[in-house]
Protein chains: 2
Amino acid sequence: MTPRATIADVARVAGVHPGTASRALNRKTEGQVNTETAGRVRAAAKQLGYIPNSIARGLRTSSSMTIGVIIPDLTNPIFPPIVRGIDSHLAPHGYSAVIVNTDGSDATERLVFESLVQRQVDGFIFATGHSGHSIAGEAYERGIRAVMVNRDSRGVPFPAAVGDDAHGIRQSVEHLHQLGHRRIAHIAGPPTFSTSQVRAEAFVAACADLRIQGEVFRAPAYSVEAGQTVMDAVLEQSGFPATAVVAGNDLLALGVYHSLRMHGLRCPDDVSVIGFNDMPFAGDFQPPMTTVRTPHFELGVESARLLLNQIENSVLTALRVVLPVDLIVRASTGPAAENIAFS
Amino acid sequence: MTPRATIADVARVAGVHPGTASRALNRKTEGQVNTETAGRVRAAAKQLGYIPNSIARGLRTSSSMTIGVIIPDLTNPIFPPIVRGIDSHLAPHGYSAVIVNTDGSDATERLVFESLVQRQVDGFIFATGHSGHSIAGEAYERGIRAVMVNRDSRGVPFPAAVGDDAHGIRQSVEHLHQLGHRRIAHIAGPPTFSTSQVRAEAFVAACADLRIQGEVFRAPAYSVEAGQTVMDAVLEQSGFPATAVVAGNDLLALGVYHSLRMHGLRCPDDVSVIGFNDMPFAGDFQPPMTTVRTPHFELGVESARLLLNQIENSVLTALRVVLPVDLIVRASTGPAAENIAFS
DNA sequence: CGTAAAGCTGCAATCGATTGTGGCAAAAAC
DNA sequence: GTTTTTGCCACAATCGATTGCAGCTTTACG
């Protein structure tokens, strides 16, 4: 219940001026003070259990040592690893991350953004895929530092850390091709996400290269429900007799699983399915999912590194770092079925 | 690039003193200023795009409007829902959460704790299960406000929001009993977690009540690997011919799945398995998992509510809120097998 | 020995907002 | 008509740390 010791208390005990005490306690300035004096100050600080008030420091130095991380939904399993990667790079540098969700809503994105600039965060990491009139552009105009992770920065010149999505899709299509599939459906995410675009484009390009029939269907969201709904439509209405589907991400693929099951079709016997991301436990699904592994943790690390470089050294080390991805073959893909029952 | 407007700027434009501007802009004090004047101030604020510097405010009011949330590992799928629940209650009240991971390490727990008190967080939410010489006791002695979520507060008089674990276990055992199981193994989590204790105790109590054989085995961690290792031992060395296992949580149950598969045993045909938590996608596993649903989101909400009550009203509304749980029966449980192959 | 340079440390301003106190003027009370 | 009350606002202190500047002492050097 005793009030925390301030630097003035430390100075008094050490018999020096608060300014001197401050210098003695800071790495950057401790060279300016006599070694013996500095020792006395440190001793006093330890004795009093002095903990610097970072709010006061922040006021003076106009930095809060916190980074705002804006994600659509922490419940989406790809984000926890990203967040951990971010944190693992931030913490050793003395920064903390405050994570906020937008639920995909543009309005709450703006809301939390404002709330965070009010908090004087030193920078932002955007993991939201929204590409429309997102706040990124506004942030840039306000001179706010930021980076993107797992998405591209559509026009806004912020650095970005992304996976090599195009290559992952290409691998997926080739894998299916080798298994004999010649008619493949792609269930793409919402067009507002930059990832949806590049994956869809890579898909059509790969199909063209291999001279196989590829059709893309757009899901309204990256969710299990959306995947199921779209797959229902593919099966019931599209008239496209696909023997395999490459989904925009694992959630959509899971929705495809559900739809298949509802239609009495088996995976991979009747239809092969490939996901994207290799989310945690993807290997425990029924069947274990073939999917493209994206290094989410490392993506987080890289994005944090990009941001901190920008903040502390005021330099852009890179405008874009792309990390390799890998196709993980499990049990949701198999030889193309001869004929499949369409309604 | 123009420096942000301060309250002094607003005051100048509105032709009033900064103190007056401050009062005009704050809900609690706007009654102290003339309505017409307040309007002028608000207009000026809007015109300048004034955003209060919450660091400066925090220095004066000695509150940061942030809450520290300490969890073992964000990657564990039960925590994202809890965090979202916390956030959903905090945000409308103007608070932000800063989430840190400890990786179960006592040392880093202490580290992040210190880092957060230095950040002047207004309170803590502990989701770490560690019960030994945790920092909770120290926090209490320092007069720091905190609550526990998903764990009990062993001796430390902090409020806690928990699920009715004992009841969940009882339901599980009864469910198995009805299916004809008479020899059940319980794979408990590490004894340092309060949840492990109450679940294990509830298990032996339930078995005693129903007069069936129950044996408990301890896992060194709440992880898939630990679950597999322990189940391996149960099958190969224990000599306990269980026809069913109730796992301490879903991760352990997943490990049991793996072990079973490795031993050529099928679930639920040979051995029934029940998890705990109903983590996301538990219904998509192979087989879909029977498990106890814990309302994690609501647990987060309740813990945040408990903490905010303590902070803002300085009252303890409750020392302990326990939320109901439910057994979700899926496909990992079935009638007891006649005889099961043990090595 | 004198002067210049270097090394330390104290002083005070500063970051941007909040808030107790006091003063002035208008309204109310007598 | 005078006094008291009330309403509104200005003033200035304050939160706790950082930092440019100046002054003092000590060392170095010619």
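Proteins come first, then strands; the chains are lettered A, B, ... in the order of their sequence lines, and each starts at number 1. Because only heavy atoms are used, hydrogens play no part in the values below, and waters and symmetry mates are left out as well, while side chains stay in.
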| request: Sort and list the pairs that fulfil salt bridge (charged side-chain N to carboxylate O under 4.0 Å, His left out) and have at least one residue in residues 50-63 of chain B, not counting sequence neighbours. | output: none

| Considering residues at least two apart in sequence or located in another chain, which fulfil the side chain to side chain donor-acceptor pair (under 3.5 Å) criterion with A/Arg145? | none

| Between C/dC8 and A/Thr20, is there an OP1 or OP2 to side-chain N/O distance shorter than 4.0 Å? | no

| message | Classify B/Thr29 by what it touches in the nucleic acid, base, sugar-phosphate, or nothing, heavy-atom distance under 4.0 Å. | response | nothing

| remark: Rounded to 10°, the helix from C/dC1-D/dG30 to C/dC30-D/dG1 deviates from straight, judged by its five-pair end axes, by 40°

| message | Tell me which one of A/Ile86, A/Val147, A/Leu90 satisfies side-chain contact (heavy atoms from CB on, under 4.5 Å) with A/Ile67. | response | A/Leu90

| Rounded to the Å, how far apart are B/Asn34 CG and C/dC24 C1'? | 15 Å

| Among all residues two or more places apart in sequence or in another chain, which pass the side chain to side chain donor-acceptor pair (under 3.5 Å) test with B/Arg23? | none

| task | Treat primed atoms plus P, OP1 and OP2 as sugar-phosphate and everything else as base, then score nucleotides 12-18 of chain C 5' to 3': B for base contact with protein heavy atoms under 4.0 Å, S for sugar-phosphate contact only, - for none. | result | BBBBBSB

| task | Give the ring-plane orientation class for A/Tyr140 versus A/Phe158, where under 30° counts as parallel, over 60° as perpendicular and anything between as tilted. | result | perpendicular

| query | A/Phe193 vs A/Tyr222 aromatic rings, parallel, tilted or perpendicular, using cut-offs 30° and 60°? | reply | perpendicular

| field | Reported CG-to-CZ distance for the pair A/Leu48 and A/Arg4, which is rounded to 0.5 angstrom | value | 13.5 Å

| message | Without decimals, in angstroms, what is the distance between A/Gln32 CD and C/dA6 P? | response | 15 Å

| query | Can you list every side-chain hydrogen bond (donor to acceptor under 3.5 Å, both in side chains) pair that touches residues 116-126 of chain B, not counting sequence neighbours? | reply | A/Ser96-B/Arg119

